[in-house]
Amino acid sequence: MSARVLGRPRPGPDEAAVVASPLDLDRARRAGAGEPAAQAWLVMELLPSVRRITRVFLKSSADADDVAQLALLAILRSAASYRGEASLATWGRRIAVRTALKYVRARRQREALIAGDESAADDVPASSPGRPAEALPRHVREYLDELPEAQAEVILLHVALEHTVDEIAEMTEVSRDTVKSRLRLGIEALRKQVRQDIAVGRRRSA
Amino acid sequence: MKPVKLASDEERWVALVAASGRGEVITPEDAAFLRQQEEADPQLAEEAALWAEIARLGAPRGEAGELDDGEIAARVLGEIEGERAPAPPSAQPFSAWRTRPRTRRRVAGLVAGFAFAAALGAFAATVANTRFRGPERPIEGLDAGPPSPALTGAPPKPVEGVAPPMPVEVVAPPKPVEVVAPRPPPKPSEAPAKSADELLGDAQAALAAGRAEEAISTYQALLARYPGSTEARAALVSLGRLSLSGGSAASALGYFDRYLSSGGGALGIEARYGRIQALQQLGRAGEAQAAIDDFLARHGDSVYATRLRERR
């Protein structure tokens, strides 16, 4: 519910919940040890945030569902190594983001190698419910696609998933300054694209 | 006021528009900041849709082919179980549908260990419907005593660092935040008296931290203790917004009306805009249209006016 704003003091997920609750830690360990009930609990606990992450990064619902499952499997397989150094939710989000980024990057590489890959046809723009069609000249995914991959990732992580610069730096394994630079450049580029479209009166086709 | 120049202002504006796009409540101060920025640079209002749409990319899409949570959980749990035990001959291996997204939809339900997944799916549904009021509450069958033999098939292992078992508290599914009648302020002996400004700051901090219920009770305490203060009047608009986001349109309308009937003020635009939203949520179309006409007559150049015209 909080509006997470750069440049303003605000607690990030890690600051807000640095230490996991004893119960969460125990349940995660038991899930890591293969206890089915604990595994089921862990999956249901993290499922909403994992699905949100994969919907942000994947255009087609089928891919988003697939990657959500891959991320949850990665979480279950990593559960034994969970030390409670961050909240369970934060830990799970990190794994899900890394899984999604890995999938998206691998897919882009494949598509770059195989011109006309039919899987690209699956990339129908994903709509948000209730979104007014006339609000933007083009679909938001089209604008993001025009950005360099690294800038688009940072924009999605920060604006759509509300991660801080520090969290993004850790997830994407680049420096904090690089994240800030990508964020600034990405915002500038997106604003420029939208303004240009509006200026020429371009309207999204139905 | 100059247009947005500072990166921090630009990023703050983007973050606030995104939060608004997700349906989050923003404080009156943040709303005023948005208005100032968009009035200084009217093109910002046209860009707002971009950031709001990016912010909503993680929302459920409502597409027919999208799997529901239970199906995804069952598949994952079936797969992880299949890693411990060989899959039955008839089962569809996870890797097959993972690499063939179209084919795997035709074989939905044939995941490894289907019976096992179904059993755990039922358990997971129980867990999903079990809301506990804090992270320290054990769940029956998970924390309170050994897991069901039917689920584990193995004796329980010792558990370290777990709180003693407590009664399971199963409550109703999550409800929208409800704004109820103001709570009486604490007695002087219970807590040191805080100023109106301090209470407003506390409420805003709670809101920023995502503690909506605490923010509501603090705003209400502010109203009760300092009903004639400027801070209390600002709290009316905040409570209206919180009520709106919590689905309590009638309460929201009451708060906005109270603010406007007390003479309005700097947050008049927000209050009138919120009043329109409340009337629309209540299905009072005629009154909502009248409120829109009144709004456009009063604030025709505002950012909200642009949005209202776009929705017509």
Side-chain angles (χ1 to χ4, degrees), chain A residues 1-8 10-11 16 21-27 33-41 43-44 47 51-53 55-56 61-63 65-66 68-70 72-73 76 122 126-129 131-132 134-136 140 143 155-156 159-161 184 187 190-191 194-195 198, chain B residues 7-8 10-12 14-16 18-19 24-26 30 43 46-47 49-51 53-59 61-63 65-67 69 72-73 75-77 79-80 84 98 101 120 123-124 127-128 135-136 138-139 141-143 147 151-152 157 159-163 208-210 212 310:
Chain A
M1 177 165 297
S2 62
R4 308 185 64 197
V5 180
L6 271 178
R8 306 170 80 201
R10 54 180 178 162
S21 77
L23 275 182
D24 281 357
L25 186 55
D26 177 67
R27 291 166 184 163
E35 186 181 307
Q39 289 176 332
W41 172 83
V43 166
M44 296 307 291
L47 188 54
R51 295 201 79 178
R52 182 182 176 208
I53 288 165
R55 286 184 186 117
V56 163
S61 294
D63 285 342
D65 288 348
D66 280 354
Q69 293 167 68
L70 292 174
L72 288 165
L73 282 169
L76 287 174
D122 292 337
S127 302
S128 303
R131 180 174 53 80
E134 71 283 7
L136 273 177
V140 63
Y143 290 104
I155 291 281
L156 289 174
V159 179
L161 295 172
R184 180 176 54 79
I187 289 175
L190 286 175
R191 296 183 65 191
V194 172
R195 289 192 179 207
I198 291 172
Chain B
S8 58
E10 180 181 66
E11 289 162 357
R12 181 183 174 191
V14 167
L16 287 171
E24 295 175 9
V25 176
I26 59 175
D30 285 337
Q43 280 191 294
E46 295 174 328
E47 293 176 25
L50 172 74
W51 304 109
E53 288 201 24
I54 291 175
R56 286 195 291 264
L57 286 175
R61 295 168 183 171
E63 295 174 359
E66 205 169 16
L67 299 178
D69 284 356
I72 286 184
R75 288 182 175 199
V76 170
L77 293 168
E79 171 66 15
I80 205 73
R84 289 204 302 266
R98 185 174 62 202
L120 281 187
F123 171 83
V127 173
E136 302 302 321
I139 302 172
L142 178 59
D143 302 310
L151 290 174
T152 64
K157 67 183 180 66
V159 175
E160 298 175 359
V162 179
E310 284 177 352

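Quantities reported herein were computed from a predicted structural model and do not represent experimental measurements. Scope of the values below: all heavy atoms of this structure, side chains included, with no hydrogens, waters or symmetry mates. In what follows, every chain begins at residue 1, and chains take the letters A, B, ... in the order their sequences are listed.
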Taking atom [atom1] of [X] and atom [atom2] of [Y], what is their separation to the nearest 0.5 Å?
X      : Y     : atom1 : atom2 : answer
B:L77  : A:M44 : CG    : CE    : 9.0 Å
B:L57  : A:I53 : CG    : CD1   : 13.5 Å
B:R75  : A:D66 : CZ    : CG    : 8.0 Å
A:I187 : B:L50 : CD1   : CG    : 10.0 Å
A:R55  : B:E66 : CZ    : CD    : 4.5 Å

Check: A:Y143 and B:I54 side chains under 4.5 Å, non-hydrogen atoms: no

Top contributor to chain B contacts, counting heavy-atom pairs under 4.5 Å, from A:L156, A:L190, A:V43: A:L190

Least distance between heavy atoms, A:Q69 atom then B:I72 atom: CG-CG2, 3.8 Å

Least distance between heavy atoms, B:A73 atom then A:L47 atom: CB-CD2, 4.4 Å

Part of A:L72 lying under 4.5 Å from any heavy atom of chain B: both

Proximity breakdown for A:V194 and chain B, heavy-atom pairs closer than 4.5 Å: side chain

